[in-house]
Structures are given as C-alpha cells and as structure tokens.
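Heads up, the thing below is written out as structure tokens.
So that the names make sense, note that chain A is the first sequence line, chain B the second, and so on, each numbered from 1.
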There are 2 protein chains.
Amino acid sequence: MPDRIDLDSDLLNYIIKNGFQPGDRLPTISELQDPNNLGISVSKVREQLEVARALGLVEVRSKTGTRLKEYSFTPAVRLSLFFALATDLRFFEQFSALRTHLEVAFWNEACARLTMDDLAELRQHVGAARAKLSGQWIRIPSEEHRAFHLGIFKRLDNPFVLGLLEAYWDAYEAVELNRYADYAYHQQVWDYHERILDAICAGDFDAAKTAFIEHTRLLRHQPRMQDMESPVEFSSEVAE
Amino acid sequence: MPDRIDLDSDLLNYIIKNGFQPGDRLPTISELQDPNNLGISVSKVREQLEVARALGLVEVRSKTGTRLKEYSFTPAVRLSLFFALATDLRFFEQFSALRTHLEVAFWNEACARLTMDDLAELRQHVGAARAKLSGQWIRIPSEEHRAFHLGIFKRLDNPFVLGLLEAYWDAYEAVELNRYADYAYHQQVWDYHERILDAICAGDFDAAKTAFIEHTRLLRHQPRMQDMESPVEFSSEVAE
DNA sequence: AAAATAGGATTAATCAGATGAATAGGGGCA
DNA sequence: TGCCCCTATTCATCTGATTAATCCTATTTT
C-alpha cells in the first residue's frame, strides 16, 4: 500500500484526502480559500481548478459550483496528444501504431464481453453507414466508423485502454478533418467491418482480429482519397 | 492536413501558431499579457501556464522566464494515472495489464533497435542488481528493475508507448513504496532478466518475449514479500 | 588582472480586492 | 398553477501590490 501518492496539487490532494466521490460537489472557490480547506488565494485555487478541468477531473460551472466527474483517462491523453500533433503531424503515425497494437492486444477480451444488444448496436452502425453511401465523396472517418470500433471495446473494463482509443478517434477526426473518400473506398471499409462483426457474432474472435488487422492495412494505404476545401496551414497568419 | 487543431488554451495555441521549438524561451508573463500576444490578464496567463506546466510542456522559472520543453507524453499520463490510483488502487491492475500488452506488442521492434552499447548497459543493470542482493529484504521494484525494462524500449521511436511505460514505473514505485521481497525472490527475478537479455543478445527476440511473459506471471503472484514500516492509509488524518 | 561579492533590476509567485457575467431560486402576477 | 422577473450567489476576469528568487553588473578584494 502506498505511503502517499503526491499529486503535486493542493486541490487534487484535497479531493483525495476528503474522499470526494464522482458526482459530489466541491466547496465553492471562496470556501476553498478558507485556511481549513486549502488556505490559498483565488488565483491559486483557480490555477489548480484549471488543471483539474483540463484533465477532465472536475466540471466547474457558474453558480452550481464544481462537480467531481467520473474518472476518465481520455482528456489527459487527448490534450497532450493534440499538442504533439499540433507541433508535428508525424506524431499521428506513432499514436496510430499504438492504437492498432492496443486493439489487437485487447481484442479477444473485449469481444468476449460484448452482449447481444451490443452486437445489435454494431450491426446498426454498419447499416447506418451503408445507408449513407452513395456516389458522392464522404468524409473519413465517419461517425459510424468511430462508433463501430469504439463499440467493440466499450465493455472492456480498462479505462486506460479505452481512454487511449477514444483519444485516438478524436485525433483522427481532427487530423483528417477535410479528408474525403469515394464510394468504392467506403464500400470496402464497411465490407471489412461487416466481416469483423460476423466473425464476432460467430464467436470466432481470432478471425475477427485477423480481419481487423487486414482492415488497418487498407486504411494505411488510403487509396482514392482527396482533400475537399482548401486546407489551412497551421502556421498561417490567417488561421485565426 | 488538419484545418486547425484547437487546443482549448490560448497559450498552447499561441505556442503552436508562433512556431516555438523545444528549448525556446517564451515571452515573459507581462509580455504575454500584451494584446499583440495573448491579451489576457496575469491570472489567466498563469492558469494556462500552470496547465502547460502540469502537462510537462513548459518549464517556468523565475527570472529565466518560460522555456518550451521537449515533448513527452509521460507527465500527462502520470498525472491522470496518479489521480486515479489515489482514488482507487485497483486502477493499478488495469494499467498494469496495459503495460504488459504494450511491451509484448512492441517487443520485437524495440529489441531490433538496441545497439551493442545498449545491451552492455542492460548487462550492467543485471550486474548492479545482483551485487546488491544479499540476505536482507530489498525494496521492489529496484532502480535497476525499472532501468532494465525501460532500457529495452529506450530506442523505440514512439513517445506514446514510452510515456505509458515510464508512467507505469513511476506508478509502480508510488504504489509499492514499502513493499520488500527477500533474496530468493529477487534472485528469481534477475534470473529471468538475464534470460531475457541473453535471448536478445542472441537475436532471438521471440524467446526473450516468452521469457518476459513468464516473468510477469512471476511478479503477479508476488511470493515472499512483505510491507516494511507501517504503511499509512490515504484517508488518514495524520498523512499530512 | 582575476575572482569574489554585494547591490540593483527583472521576473515569477502569491495575494487581496473589485467588477462583470451567468445562473439558480424565490416571489409576484396573471 | 404556471410564467416571468428580480435578486443573491457564484464563477470569470482583471488590476494592482507585495514578496521572493534569480540574473546581471559594478565594485571591491586579493
């Protein structure tokens, strides 16, 4: 058992020490200033609240006060990842490799936990995606694409893996904001997804995993895509 | 290419937009207040600096000003993870599962990149650890234990995997702060490490990986251990 | 002349207080 | 009862002041 995990933040330590639970309201800022609580000034309290907010640990709203949120790994990962991506897009490839290996590693455990309802939901995503397909170019990744993959892992009892995967899809959306692909491409993608889903339904998780791995290769080559609307460079002065 | 990755932070967006590089000095706080830069007050600048500092993105020191650091995923992961662990130690098991799968997934790629010098360094860790062994109980994990495992992955060109592994060892140390094991246990651990290292040196990465997996099972069972010094509970009032 | 030291200037660190904006809750009116 | 407005609370942001840490420089000392 740990002696004490020092969080390098009076506020976070205070939250732990007082045993606040997700959903609980924290004292107001003025109360937190009180020597019995944190005993620091408004500005300092707000600095630490801002850190906790950035990490997605608390939600701070006017009047209502501050509420402790359910723990999620996602915000911290996303924030750090997005900063990295903003400095250099090549980071995406590395995070992408992490994502693929993660899905493969936790594949069977995640699949085994899926319920019939979950499978039906996945089937719906396939249907919805197919219904959207037409002759025109469609944005990648689609909402259904994200929902399908995250849906496979949603029962995995591991907030860290889930957080990394969620952050991955957030990043994907941010990075590929203006990427579009044509009908044939999306058709192929959803053929793979259907194959994956069928295998899972049949209980053959390994076959599903194999299909997933093939499918990531397809995505890596990214054929038949183009950028719609002129993309704006980062360093551009007009970006604002 | 992304239209624009919004970091939800004036300061971080400012850093990106102005193309600051690691090592660069950012403007002083008073300069950042200037409408030409951020145009926000001290308190707001400091809030955002504090977030950037918590994420390990900048180092802010008196007089010297603020310096942009080399990107690392570790601080963000560690901070979020430590908060989770402080609320519930069971999170450690889940992060531990993530770590094991990660090492396995990136094992061969990491091993393939090791140089002769790296291998010699790993050998030194084994030697140093063995030299420390005696009849007495020794703290786990030892410094060499951490260095050995991180050493295997140090050439892996993936800051995200590395960040997760580093944060794992930080957490391990925090969580197992007062855990000690006897001679026989450490002997066994370093036998495994030596087996792993020998296999890597022989170029048989798969055999090394297999040894690694066995070795994690050993650690999971954690025989012949005990807590030295009375551990202090989290919620304890005297913890401060 | 070189090194050590002391003093001044710059900047971060922290605080106190004021003002504005958002919101919940209560009271009044139809 | 149901709707609307008013008020009190709380967050949001800014300004200004004081303290502490650090660097730079000029002066002193050897």
Side-chain angles (χ1 to χ4, degrees), chain A residues 6-18 20-70 72 75-76 79 83 240, chain B residues 6-18 20-70 72 75-76 79 83 240:
Chain A
D6 188 12
L7 293 167
D8 198 38
S9 158
D10 295 338
L11 176 67
L12 293 185
N13 284 329
Y14 171 86
I15 291 174
I16 298 301
K17 195 163 144 191
N18 291 78
F20 286 101
Q21 296 298 312
D24 287 355
R25 292 220 195 304
L26 301 184
T28 65
I29 293 184
S30 12
E31 285 168 347
L32 284 173
Q33 287 182 256
D34 191 275
N36 289 41
N37 294 326
L38 293 182
I40 54 181
S41 67
V42 191
S43 5
K44 222 82 204 38
V45 172
R46 287 195 56 77
E47 279 176 26
Q48 309 206 2
L49 272 174
E50 185 60 21
V51 172
R53 196 198 56 77
L55 292 175
L57 302 176
V58 302
E59 189 182 5
V60 41
R61 278 177 45 192
S62 204
K63 182 66 184 176
T64 315
T66 310
R67 207 170 47 83
L68 188 59
K69 294 180 71 173
E70 198 71 44
S72 168
L79 190 49
F83 181 81
E240 196 70 345
Chain B
D6 189 11
L7 293 167
D8 198 37
S9 158
D10 294 337
L11 175 68
L12 293 185
N13 285 328
Y14 170 86
I15 291 175
I16 298 302
K17 195 164 143 192
N18 291 79
F20 285 100
Q21 296 299 311
D24 287 355
R25 292 221 194 304
L26 301 184
T28 65
I29 293 185
S30 10
E31 286 168 348
L32 285 172
Q33 286 181 256
D34 191 277
N36 288 40
N37 294 325
L38 293 181
I40 54 182
S41 68
V42 190
S43 9
K44 223 82 208 25
V45 172
R46 288 194 56 76
E47 279 177 25
Q48 309 206 1
L49 272 175
E50 186 59 21
V51 172
R53 196 198 57 78
L55 292 175
L57 301 177
V58 302
E59 189 182 6
V60 41
R61 280 178 44 193
S62 201
K63 182 64 185 179
T64 316
T66 310
R67 207 171 48 84
L68 188 59
K69 293 179 75 173
E70 199 70 43
S72 168
L79 190 49
F83 181 80
E240 196 71 342

Check the distance between [N]'s [atom2] and [X]'s [atom1] and give it to me in whole angstrom.
| X | N | atom1 | atom2 | result |
| --- | --- | --- | --- | --- |
| A:Glu47 | C:dA16 | CD | P | 14 Å |
| A:Arg25 | C:dT23 | CZ | C1' | 12 Å |
| A:Lys44 | C:dA12 | NZ | C1' | 11 Å |
| A:Leu11 | D:dC11 | CG | P | 12 Å |
| A:Ile29 | C:dA16 | CD1 | C1' | 15 Å |
| A:Gln33 | C:dT14 | CD | P | 15 Å |
| A:Glu31 | D:dT9 | CD | C1' | 11 Å |
| B:Leu32 | C:dA13 | CG | P | 13 Å |

ask   = So do the side chains of B:Ser41 and B:Lys44 get within less than 4.5 Å of each other, counting heavy atoms only?
value =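 Touching, per the 4.5 Å side-chain cut-off.
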Expected output: side-chain [X] to main-chain [Y] donor-acceptor under 3.5 Å:
| X | Y | result |
| --- | --- | --- |
| B:Asp24 | B:Leu68 | no |
| B:Asn13 | B:Leu7 | yes |
| B:Asn37 | B:Glu31 | yes |

Looking at [options], which one has an atom nearest to any side-chain atom of [X]?
| X | options | value |
| --- | --- | --- |
| A:Val60 | C:dA13, C:dT11, D:dA12 | D:dA12 |
| A:Ser30 | C:dT14, D:dC11, C:dA13 | D:dC11 |
| A:Ser41 | C:dA13, D:dT15, C:dA16 | C:dA16 |

request  = Examine D:dA12: is either OP1 or OP2 under 4.0 Å from a nitrogen or oxygen in the side chain of A:Arg61? Give yes or no.
outcome  =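 False: A:Arg61 side-chain N/O out of range (4.0 Å or more) of D:dA12 OP1/OP2.
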ask   = Starting at the 5' end of DNA chain C, which residue's closest nucleotide do you reach first, A:Thr64 or A:Ser43?
value =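 Counting from the 5' end, the first nearest nucleotide belongs to A:Ser43.
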query = For the helix from C:dA1-D:dT30 to C:dA30-D:dT1, what is the angle between the axes at its two ends, each from 5 pairs, rounded to 10°?
reply =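 One end axis against the other gives 10°.
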query = Could you give the distance from CG (B:Leu57) to OG1 (B:Thr66), rounded to the nearest 0.5 Å?
reply =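 That separation rounds to 12.0 Å.
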task = For A:Val42, report the nucleic acid contact type (base, sugar-phosphate, nothing); a contact means any heavy atom under 4.0 Å.
result =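 Since no nucleic acid heavy atom lies under 4.0 Å of A:Val42, the category is nothing.
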message = Which heavy atom of B:Gly23 sits nearest to which heavy atom of B:Arg67, and what is that distance?
response =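 Result for this residue pair: O-CG, 3.4 Å.
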inquiry  = With side chain to side chain contact (heavy atoms under 4.5 Å, CB included) as the test, pick out the partner of A:Glu50 among A:Arg53, A:Glu47, A:Gln48.
reply    =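 Output: one option passes, namely A:Arg53.
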